[in-house]
> 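Pasting in a structure now, in C-alpha cells, and then I'll have a few things to ask.
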Amino acid sequence: VLTVCDNPKVNRQFLTDFLCKGTLSASAPNPLDPSSTIFVLLDPTHTMKNICNNFQKREKFSIPDTPGTTYDANFNHVRQLFEMESYQSLRMAHKLSSGCFNPSSIQRTSAKLTFSVFHESTVNAMEYYSAHGHESWAGTARLLRFIYTLMTIISVKDSTDGNRKRNENRKPIACID
C-alpha cells in the first residue's frame, strides 16, 4: 500500500504519532494488516521540482541501470530540443517554454514549469529525435520517461482515471487475493 500526501505539519505529525510509532519513516506496518507495509510518499510535487531544478543546475545525471552499468541524461538535450523546435509552427514538445531554461527564483518553485519539462509531449519528442539523428539523447529520453511515468502513477485521483485518460499507468494498482 502506498499513501501520498503533501507536507503540512499536521500530516507529518499524524504519520509520526499514529503510523510510524514516534519516528517518521518511509514505511510502516499496516495497522489493519500487520503482514503488509504502508509506504509513505511525502510531497511528491516538491520532490519533482527538486529533481527538475537539480537536473537543470547540474546539467548531467548518471543513472544506475543494470548492475555495473549506467546511462547518462543531460539537461542540455532538453534545451537543444526546445531551440530546435522553437521556430517551428508545429512542435512536438509544445509544453516547453523559455521559462523552463532560465527560471527566476520564484519560477523555480513553479510546478507548471517542472511538469512542462517532464510532460508527455517532451518525453515523446525526446524519444522520437533520439531515434532519428540525435542518438545521444536516448539517456535523457529514458530519464524523462521514468519521471513522467512516476508522476503519472502517483497522481491518480480516482479509480476511473486510467479509463478516462486512456492511460494504463493511471489505473489503480490493486491486488486480488
Side-chain angles (χ1 to χ4, degrees), residues 2-7 39 41-66 68-174:
L2 170 70
T3 185
V4 178
C5 63
D6 53 2
N7 208 15
F39 295 93
L41 187 57
L42 290 173
D43 204 355
T45 301
H46 184 77
T47 302
M48 294 303 158
K49 289 188 287 188
N50 282 340
I51 290 170
C52 188
N53 288 332
N54 277 301
F55 189 31
Q56 182 177 24
K57 183 179 174 183
R58 297 172 193 263
E59 292 187 354
K60 295 181 183 178
F61 280 175
S62 185
I63 297 107
D65 195 12
T66 56
T69 64
T70 60
Y71 64 94
D72 295 323
N74 189 327
F75 191 78
N76 283 326
H77 296 155
V78 181
R79 183 176 284 119
Q80 290 167 4
L81 171 64
F82 173 72
E83 290 169 357
M84 187 171 74
E85 290 193 334
S86 64
Y87 297 105
Q88 296 176 2
S89 56
L90 184 62
R91 297 174 36 212
M92 289 180 72
H94 60 89
K95 289 287 189 178
L96 288 179
S97 68
S98 59
C100 297
F101 304 104
N102 298 307
S104 64
S105 58
I106 194 73
Q107 286 176 315
R108 283 192 175 92
T109 65
S110 169
K112 182 179 179 182
L113 290 180
T114 296
F115 295 136
S116 295
V117 171
F118 299 120
H119 190 267
E120 184 177 22
S121 66
T122 306
V123 175
N124 289 338
M126 189 66 66
E127 289 174 341
Y128 173 82
Y129 288 117
S130 69
H132 295 89
H134 296 275
E135 292 80 16
S136 63
W137 294 8
T140 306
R142 260 182 94 179
L143 174 68
L144 295 182
R145 173 62 66 192
F146 174 79
I147 296 199
Y148 167 74
T149 302
L150 176 64
M151 289 185 342
T152 303
I153 291 168
I154 63 177
S155 65
V156 172
K157 298 201 179 4
D158 64 55
S159 62
T160 64
D161 266 2
N163 291 331
R164 250 183 322 109
K165 299 195 180 203
R166 297 181 187 155
N167 187 328
E168 289 293 316
N169 292 327
R170 285 186 171 271
K171 289 187 177 177
I173 299 170

> Do F82 and R91 have side-chain heavy atoms sitting under 4.5 Å apart?
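Heavy-atom side-chain distance check passes, below 4.5 Å.
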
> If you take all heavy atoms of Q56 and C100, which pair is closest and at what distance?
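Shortest heavy-atom separation between Q56 and C100 comes out as NE2-O, 3.3 Å.
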
> So do the side chains of M84 and H134 get within less than 4.5 Å of each other, counting heavy atoms only?
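Yes; the side chains approach each other to less than 4.5 Å.
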
> Closest approach of A93 and L81, non-hydrogen atoms and distance?
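So the two residues come closest at CB-CD2, 3.8 Å.
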
> Show, in sequence, the C-alpha distance, side-chain angles and deciding distance for V117 and F75, and conclude whether the side chain to side chain contact (heavy atoms under 4.5 Å, CB included) test is met.
CA-CA 10 Å; V117 171; F75 191 78; 4.2 Å; yes

> Quick one: does any side-chain atom of T109 pair with a main-chain N or O of S105 as donor and acceptor, under 3.5 Å?
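Between the backbone of S105 and the side chain of T109 there is no qualifying donor-acceptor contact (under 3.5 Å).
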
> Do H77 and S130 come close enough that some side-chain heavy atom pair is under 4.5 Å?
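In short, these two side chains do not touch, never coming nearer than 4.5 Å.
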
> Side-chain contact test, heavy atoms from C-beta onward, threshold under 4.5 Å: evaluate it for D65 versus R142 and give yes or no.
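Touching, per the 4.5 Å side-chain cut-off.
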
> Work out which heavy atom in T122 is nearest to a heavy atom in S116; give both atom names and the distance.
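Closest approach of T122 to S116: OG1-O, 2.9 Å.
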
> From E120 CD over to E127 CD, what is the distance, rounded to the nearest 0.5 angstrom?
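Answer rounded to 0.5 Å: 9.5 Å.
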
> Heavy-atom distance under 4.5 Å between the side chains of D72 and K60, does that happen here?
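No, too far: nothing below the 4.5 Å cut-off.
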
> Check V123 against A141 and note the closest heavy-atom contact, atom names and distance.
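Nearest pair, atom of V123 first, then A141: CG1-O, 4.5 Å.
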
> Measure across S110 and K49 and return the closest heavy-atom pair with its distance rounded to 0.1 Å.
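Shortest heavy-atom separation between S110 and K49 comes out as C-CD, 3.9 Å.
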
> Distance from M126 atom CE to S121 atom OG, nearest 0.5 Å?
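It is 10.5 Å, given to the nearest 0.5 Å.
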
> Using 30° and 60° as the class limits, which term best fits the ring planes of F61 and F55: parallel, tilted or perpendicular?
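Plane angle between 30° and 60°, so tilted.
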
> Which value, rounded to the nearest 0.5 Å, describes the distance between H132 atom NE2 and W137 atom CH2?
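So the gap between those two atoms works out to 13.0 Å.
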
> Taking atom OG1 of T114 and atom CG of N53, what is their separation to the nearest 0.5 Å?
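Here the rounded value is 6.0 Å.
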
> Classify the side-chain pair R145/N124 by whether it contains a donor and acceptor separated by less than 3.5 Å.
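Result is yes, a qualifying pair exists.
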
> Find out whether E85 and Y129 are in side-chain contact, i.e. whether some heavy atom of one side chain is under 4.5 Å from a heavy atom of the other.
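The answer is yes, as the side chains (C-beta and beyond) meet within the 4.5 Å cut-off.
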
> Checking side-chain contact (heavy atoms from CB on, under 4.5 Å) against H119, which of K112, K95, M151 comes through?
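Single side-chain contact (heavy atoms from CB on, under 4.5 Å) partner of H119 among K112, K95, M151: K95.
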
> Compare all side-chain heavy atoms of F118 with those of I51 and state whether any distance is below 4.5 angstrom.
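Heavy-atom side-chain distance check passes, below 4.5 Å.
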
> For residues L113 and G99, report the shortest heavy-atom separation together with the two atoms involved.
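Nearest pair, atom of L113 first, then G99: CD1-O, 3.5 Å.
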
> Are V78 and L144 side-chain neighbours, meaning at least one heavy-atom pair lies under 4.5 Å?
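V78 vs L144: side chains touch.
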
